[in-house]
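Note that these values count all heavy atoms, side chains included, but never hydrogens, waters or copies made by symmetry.
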Amino acid sequence: MEGIVERGVKEVDYLAEERAGAQFHVHSMKIFLAGGQHEYEVSTRIANLVANDPVFAKEDRARMSRKELYKNSLKKAGHAWKIILEKGLTEEESMRMRAFIDEPNYTDLHWGMFITALKGQATEEQQHKWLRQAYKLAIIGCYAQTELGHGSNVQGLETTATFDPSTDEFVLNSPTLTSTKWWPGGLGKASTHALVYARLITDSQDYGVHAFIAQIRSLDDHIPLPNVTVGDIGVKFGNGGYNSMDNGLLRFDHVRIPRENMLMKLARVTEQGKYERSNKPRQLGYGAMVFIRQGIVAEASVYLSRAVTIAVRYSAVRRQFGGKDDKAEVQVIDYRTQQHRLFPLLATAYAYRIVGFWMKWLYADVTERLNNNDFSNLPEVHACTAGLKSITTSVTADGIEQCRKLCGGHGYLCASGLPELYAAYVPACTYEGDNTILLLQVARFLLKTLTQVASGTKPVGTAAYLGNVQHLTSVNCEVSQGKDWLNPSVLLEAFEARSARMAVGCAMHVAEAPDSELAFEELSPELVEAARAHCQLIVVSKFIEQAQKDIPGEGVKQQLEVLCNLYALSLLTTHSSDFLATGYLTGTQVFHAKDQQKALFSCVRPNAVALVDAFDHTDHYLGSALGRYDGDVYTHLYKDAWKDPLNESVVTEGYHEYLRPVLTQQLWGPTSKL
């Protein structure tokens, strides 16, 4: 069967004509999107290292059983660690290698959460003890916070850590079924230690949730320790996807750990059982939070860019309808309905890459401020990082699914790479904070900021525009034609006015209510939308700021300007009801925005393939027959079909037992009337 394909194989770039029409220097855009020349070189080198190593092959992943998939992920993680040690890779190079392997496994949580938490919450002495082992992978750690009964409500966690002064130990216990630790990645089968979040009880008093290190498996034979119940929570959504990760469950039956296993950077318990807060500000823990969230936002851009790359390339290869008089059928990418759904996602992937760069700067700024005991901007930082985590992950998850639909029926095949990409990414909408709850946290910040503005306090950072709230709630848009929307200041004011007016409207309703908390709950859908508007403003403002800078490379700045305008206008037209309801825009001005959006589609079209090429994803990393760099889609779809186990035999298993009796009508006895 494969011979049919082999005879038709040609070394042809089916997208060469598309690339020849690019109006910008693609290599310069690659360097920009990588974050600079150094980052580009490191990324390219590590991506190729992974792509060329057969151990990291992943084309059969969706066909593996759960056991096969997990064992294979262990093999890849071990092989990666061997390469890291042999080549002496830096922390940056190692992190990129784990990303390009593109398979969730226990090391993600070990490096991303366990070690990060130790740095933020352990004393120097504790770090010296635990980090040395963790950095060598002599121990494998996970982050055991979420429970079967509680996730976002951390203060509702039920696991207890009761201090026993007679032995100088804490006793960890899971008193209820719902107190079972549930979901921690790496916990199910790999981790030897867990960073357990439990209610600290000493001298009969509950001091709330604190972190403790607990060994859960033997370092000799990996058997769970006495009175520790630990396992995997089961198969998750999608073929492959996140099923290579051993998300686990954990219960303690009065398990004793040394007092020193409590992370004591911010608080401690003495040998006598006295609870003491340290002289270090509790706000120091915010640094780790910002680090994790900036990583999540950066990852959103990567995942969305992968989906968009697949959809753009396939849309340029695929032709449907319109072929008359010996003319070729029309490329799907040339249909306006395809552009209307696809190009805004392309612009969004660029927008999230840029806001990810800004969040990297924000993390460095917060770290420096914390080291200088400057906590003045922490409420604003908490709000903007929570909100950006929420909107970027939600939009990315929805965007991946939209790209699957944009690829038609073939997008539903695992060979397209999109079903598994979606399954692997969608957990981001709930881990590290449920997205709706995070937006409600942003809403509380906005209401508090408006109260402070009324009393004369000047807001800072991403909330600074609220200091101009009187102007923003009284001025109306002056756009009179489509091109007016290409003015950055016009776009920025529109988003500032929308956000300010929505926040003020909510604040007035809450302030007028006799019970503010009840009013907040009743108004929560509107508050979520006000928070979303604020976060969209942040992304728009950072994109505008970046697009106005001088960027090396012919045509690069112009392309960023086009994508920036398209991103902003796509948000404006999608959420036009907000702009109309607040009275800032008229229906005619929204029409002008839609008209200009269509004009921008025409600007993007000749550059679309080159713009996704600039993300510089290898074919290995994309893992998609539809998104191949050479555009040779149909050859590889056909080849992939013959790899399926069902095609190992010409006559299927079960034919004689179940299918032949149906075909020969031997299922029924002589009395049957069928």
Quiz item: Passes side chain to side chain contact (heavy atoms under 4.5 Å, CB included), His534 versus Leu446? Steps please.
Solution: CA-CA 9 Å; His534 171 72; Leu446 292 174; 3.7 Å; yes
Quiz item: Nearest 0.5 Å, what's the OG1-CG distance between Thr393 and Leu388?
Solution: 10.0 Å
Quiz item: If you count the non-hydrogen atoms of other residues, nucleotides and ligands that lie under 6.0 Å from NE2 in His575, is the total more than 12?
Solution: yes
Self-check item: Distance flag, aromatic centroids of Phe579 and Phe495, threshold under 6.0 Å
Solution: yes
Self-check item: Atom CZ of Phe445: over 12 foreign heavy atoms under 6.0 Å
Solution: yes
Quiz item: Of Tyr197, Tyr106, Trp183, which meets ring pair (Phe, Tyr, Trp, His ring centres under 6.0 Å) against Tyr143?
Solution: Tyr197
Quiz item: Is the distance between the ring centroids of Tyr465 and His471 less than 6.0 Å?
Solution: no
Quiz item: To the nearest 0.5 Å, how far apart are OH in Tyr422 and OG1 in Thr396?
Solution: 11.5 Å
Practice problem: Output yes when a side-chain donor or acceptor of Asp374 lies under 3.5 Å from a complementary backbone atom of Ser376, and no otherwise. | Solution: yes
Quiz prompt | Verdict with supporting geometry, Ile213 and Leu118, side chain to side chain contact (heavy atoms under 4.5 Å, CB included) | solution = CA-CA 9 Å; Ile213 293 180; Leu118 286 176; 3.5 Å; yes
Quiz item: So, Arg501 versus Thr582: side-chain donor-acceptor pair below 3.5 Å or not?
Solution: no
Exercise. Keeping the roles fixed (side chain from Thr160, backbone from Thr162), state whether a donor-acceptor pair exists under 3.5 Å.
Key: no
Self-check item: Exercise: do Thr176 and Glu158 side chains pair donor with acceptor under 3.5 Å
Solution: yes
Quiz prompt | Tyr350 and Phe615: CA distance, side-chain angles, deciding distance, ring pair (Phe, Tyr, Trp, His ring centres under 6.0 Å) verdict | solution = CA-CA 9 Å; Tyr350 271 75; Phe615 290 122; 5.0 Å; yes
Quiz prompt | Residue list, side-chain contact (heavy atoms from CB on, under 4.5 Å) with Ala593, at least two apart or on another chain | solution = Trp485, Leu569, Leu572, Thr573
Self-check item: OG1 on Thr457 to CG on Leu466, rounded to 0.5 Å
Solution: 12.5 Å
Quiz item: If you draw the axis of the six-membered ring of Phe520, does the NZ or CZ of Arg444 fall within 45° of it and under 6.0 Å from the ring centre?
Solution: yes
Exercise. Could you tell me whether Asp102 and Arg306 have a side-chain N and a carboxylate O separated by less than 4.0 Å?
Key: yes
Quiz item: Looking at CG of Leu109 and CG of Leu195, how far apart are the two atoms once the value is rounded to the nearest 0.5 Å?
Solution: 11.5 Å
Self-check item: Crowding at CD, Gln470 (>12 non-hydrogen neighbours, <6.0 Å)
Solution: no
Quiz item: Going through the checks in order, is the side chain to side chain contact (heavy atoms under 4.5 Å, CB included) test met by Gln441 and His382?
Solution: CA-CA 9 Å; Gln441 293 177 8; His382 179 273; 3.1 Å; yes
Practice problem: Examine distances only and state if a side-chain atom of Asp515 and a backbone atom of Leu518 form a donor-acceptor pair shorter than 3.5 Å. | Solution: yes
Quiz item: Is it true that a side-chain atom of Arg199 and a backbone atom of Gln155 form a donor plus acceptor pair closer than 3.5 Å?
Solution: yes
Quiz item: Do the side-chain N and O atoms of Gln121 and His210 include a donor-acceptor pair separated by under 3.5 angstrom?
Solution: no
Quiz item: Given Tyr412 and Arg404, is the side chain to side chain contact (heavy atoms under 4.5 Å, CB included) satisfied, shown in steps?
Solution: CA-CA 7 Å; Tyr412 192 64; Arg404 183 193 66 77; 3.6 Å; yes
Self-check item: Spacing of SG belonging to Cys564 relative to CG belonging to Leu560, to within rounding of 0.5 Å
Solution: 8.5 Å
Quiz item: Just wondering, more than 12 heavy atoms not from His150 lying within 6.0 Å of its NE2?
Solution: yes
Quiz item: How about Lys405 and Gln402: do any of their side-chain heavy atoms sit closer than 4.5 Å?
Solution: yes
Quiz item: With distance as the sole test, does Ser390 use its side chain to make a donor-acceptor pair with the main-chain N or O of Asn435 at under 3.5 Å?
Solution: yes
Self-check item: Ile391 and Leu439, any side-chain heavy atoms less than 4.5 Å apart
Solution: yes
Quiz prompt | Tyr584: which of Gln589, Glu493, Glu496 passes side chain to side chain donor-acceptor pair (under 3.5 Å) | solution = Glu493
Practice problem: Verify the distance criterion only: is there a donor paired with an acceptor across the side chains of Glu147 and Thr178 at less than 3.5 Å? | Solution: no
Quiz item: For the side chain of Asp232 and the backbone of Gly248, is there at least one donor-acceptor N/O pair under 3.5 Å apart?
Solution: no
Quiz item: Checking side-chain contact (heavy atoms from CB on, under 4.5 Å) against Leu345, which of Ser570, Ser305, Cys403 comes through?
Solution: Cys403
Quiz prompt | Minimum heavy-atom distance between Val590 and Ser576, given as atom pair plus value | solution = CG1-CB, 3.8 Å
Practice problem: Compute whether any side-chain donor of one residue and acceptor of the other, for Asn371 and Thr367, lie under 3.5 angstrom apart. | Solution: no
Practice problem: Mind listing the closest non-hydrogen atom pair of Gly112 and Ile292 along with its distance? | Solution: O-CG1, 4.2 Å
Exercise. Would you name the heavy atoms of Ala530 and Cys506 that are closest together and state the gap between them?
Key: CB-SG, 4.3 Å
Exercise. Not counting sequence neighbours, which residues clear salt bridge (charged side-chain N to carboxylate O under 4.0 Å, His left out) with Glu561? List them please.
Key: Lys557
Self-check item: Glu380 side-chain N/O to Thr462 backbone N/O, donor-acceptor pair under 3.5 Å
Solution: yes
Quiz item: Would you say the side chains of Tyr207 and Gln205 form a donor-acceptor pair under 3.5 Å?
Solution: yes
Quiz item: Does Thr451 reach the main-chain N or O of Leu447 with its side chain, forming a donor-acceptor pair under 3.5 Å?
Solution: yes
Quiz item: Measuring from Ile310:CD1 to Ser416:OG, what's the distance to the nearest 0.5 Å?
Solution: 6.5 Å
Practice problem: Grab the two heavy atoms, one from Thr430 and one from Lys389, that are nearest each other, plus how far apart they are. | Solution: N-NZ, 4.2 Å
Practice problem: Take the angle between the ring planes of Tyr303 and Tyr425 and call it parallel below 30°, perpendicular above 60°, tilted in between. | Solution: tilted
Quiz item: For Asp484 and Ser480, what are the C-alpha separation, side-chain angles and deciding distance, and is it a side chain to side chain donor-acceptor pair (under 3.5 Å)?
Solution: CA-CA 7 Å; Asp484 291 346; Ser480 60; 3.2 Å; yes
Quiz item: Taking side chain as C-beta onward, heavy atoms only, is Trp358 less than 4.5 Å from Phe543?
Solution: no
Quiz item: Around Lys236, counting heavy atoms of other residues, nucleotides and ligands shown, do more than 12 lie under 6.0 Å from its NZ?
Solution: yes
Quiz item: Okay, side chain of Lys181, backbone of Gln145: is any donor-acceptor separation there less than 3.5 Å?
Solution: yes
Quiz item: Parallel, tilted or perpendicular for Tyr431 and Tyr242, by the 30°/60° rule?
Solution: tilted
Quiz item: How about Arg251 and Thr229: does a side-chain donor come under 3.5 Å of a side-chain acceptor?
Solution: no
Quiz prompt | Atom of Val366, atom of Leu378 and distance for their closest heavy-atom approach | solution = CG1-CD2, 4.3 Å
Quiz item: Looking only at atom types and distance, does a side-chain atom of Ser244 sit under 3.5 Å from a main-chain N or O of Glu103, one as donor and one as acceptor?
Solution: no
Quiz item: Does any donor atom in the side chain of Asp434 or Ser152 lie under 3.5 Å from an acceptor atom in the other side chain?
Solution: no
